[in-house]
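For reference, the structure discussed in these notes is given below.
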Amino acid sequence: MSEKKALDPARLRQDFPILNQTIHRQKPLVYFDNGASTQRPTSVIDAMDQCYRETYANVHRGIHWLSEQASAQYEEARLKVARFINAPFPEAVIFTAGTTMAINLVANSWGRSTLKPGDEVLLTICEHHSNIVPWQQVAAETGAVVKFVDITDDGRLDMDDLRGKLSDKTKIVAFMAVSNMLGTIFPVAEIIALAKSVGAATLIDAAQHVPHEPTDVQQWGADFVVFSGHKVLGPSGIGILWGRKDLLESMPPFLGGGSMIDKVTTEGFTPGELPAKFEAGTPPIVEAIGLGAAIDYISAVSLQWVASHEKLLSATLMKRLEKIEGLTVWGPAPEHRSGIVSFTIEGVAAQDLAILLDQKGFAIRVGHHCAMPLHQRLGIKASCRASFYLYNTIEEVEAFADAVEAVVKRLR
Ligand SMILES: Cc1ncc(COP(=O)(O)O)c(C=O)c1O
């Protein structure tokens, strides 16, 4: 992919067939729901299609040609992920069904075997439900306590509150790198350093980070990092748990079944080595291959460019929206956020706004975005969220702002 193409979203979007359509009586489709899931370039669709047509078989189970082809492609995808996030050992890259499954794996394996009554799990009030509920479930069984770090009024993490809540009781700090509602980019390395100072482990929910700016798990110094394939141009049904190798080796398996064992007898079993130990059953083979193709695509585009392009889109939209009377954009100034802009409008139901915007061709998310505690903290029930990716353009953002103005006038 040429540099020129990489820096031109209007050309990039030609790689995404789904974006090239009109809906609701010839309205161009504007896809601003990338926080929920992104779209796929043809190279990802083709890689998956090619596997199903030519090389598909179960992996690591057959000695026949097809199984060898599929196994090699599956392991090649693991290597691509490892390089992409700078993971030192590819075997510490575990394929899961997604971010949710990856967090459940850590909470159930590491959490159940580590947490004791009175131990504390520290989260932030911004977390997605997938980084709250598994910890609440494990806490209920182990007697551990789940605590939440607050945010400042401008939607950044309250570092004083974090320092105040960290203690030798804190056994893990599990937090998002980027908020899926506020768009806030959290100071990941600083939070990890603070967690380490009290001996706590760290889990980074990088679902909204990995797709949008470079991620280096070694530079962060994290213990666990998780993300989803479908948010980074890959297929649904695939996600990643990366963990510190020694930690993963010391943890018990989460799911039991085929592939994850060394030996099974009628008396019991011994688990296999990494990564098999955490990949019980037939894995998402074609999805892993698709994720590998997505990583090839995004790596050729340059994540530095993606990050700055999205910041520009956010700043442009915020400037326009803030002129609308009664409209609140939640979260920090553009320099502290990624390509996510959530807002509410006094006297206008978020749901009504989103329905009318859909009629004009704009796909946005409305509701609590799986972040109910954060919405409670902000004193709102629901918000509208526009979330961008590399194929979105300034023209789309301007058209969206015009549409919001028109719809608000109509609803008032
Ligand atoms: C920050 C964050 N964490 C976790 C998730 C859950 O991801 P998945 O549904 O792919 O498991 C999401 C999805 O919206 C998210 O935005």
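Computation of the quantities below employed the complete heavy-atom set of this structure, encompassing side-chain atoms and omitting hydrogens, waters and symmetry-equivalent molecules. Just so you know, ligand 1 is whichever comes first in the structure, and atom 1 is the first atom listed for that ligand. Source: prediction; values computed, not measured.
Of all the heavy atoms in A350 and S383, the pair that sits closest is CB-C, 4.2 Å.
Salt-bridge formation is detected for the pair R244/D223: a Lys NZ or Arg NE/NH1/NH2 atom is positioned less than 4.0 Å from an Asp or Glu carboxylate oxygen. One finds no salt bridge joining E396 and K360 here, because no Lys/Arg side-chain nitrogen approaches an Asp/Glu carboxylate oxygen to under 4.0 Å. With salt bridges taken as basic N to acidic carboxylate O contacts below 4.0 Å, none links E405 and K323.
Summary of contacts: the protein heavy atom closest to atom 15 (C) of ligand 1 is H128 CD2, 3.4 Å. For atom 1 (C) of ligand 1, the nearest non-hydrogen atom of the protein is D205 OD2, 3.4 Å. In terms of protein heavy-atom proximity, atom 4 (C) of ligand 1 is nearest to S130 OG, 3.2 Å.
Contacts between H230 and ligand 1, counted as non-hydrogen atom pairs separated by less than 4.0 Å, involve the side chain only. In K231, the part holding a heavy atom less than 4.0 Å from any atom of ligand 1 is the side chain.
Nearest-residue assignment for atom 11 (O) of ligand 1 (options I238, T100, N180; heavy-atom criterion): T100.
Using a 3.5 Å distance cut-off with no hydrogens or angles, the side chains of Y391 and D15 do not pair a donor with an acceptor.
Which parts of ligand 1 touch S228 is read off a 4.0 Å heavy-atom cut-off, strictly below it: atoms 7 (O), 8 (P), 10 (O), 11 (O). The distance from ligand 1 to the heavy atoms of M176 drops below 4.0 Å at these ligand atoms: 1 (C). Listed by atom number, the atoms of ligand 1 under 4.0 Å from Q208 heavy atoms are 1 (C), 15 (C), 16 (O). Within the listing of ligand 1, atoms 2 (C), 3 (N), 15 (C) sit less than 4.0 angstrom from a heavy atom of A207.
Between L274 and F89 the shortest side-chain heavy-atom distance does not fall below 4.5 Å.
Put simply, the residue from R365, R385, K231 that forms a salt bridge (charged side-chain N to carboxylate O under 4.0 Å, His left out) with D33 is R385.
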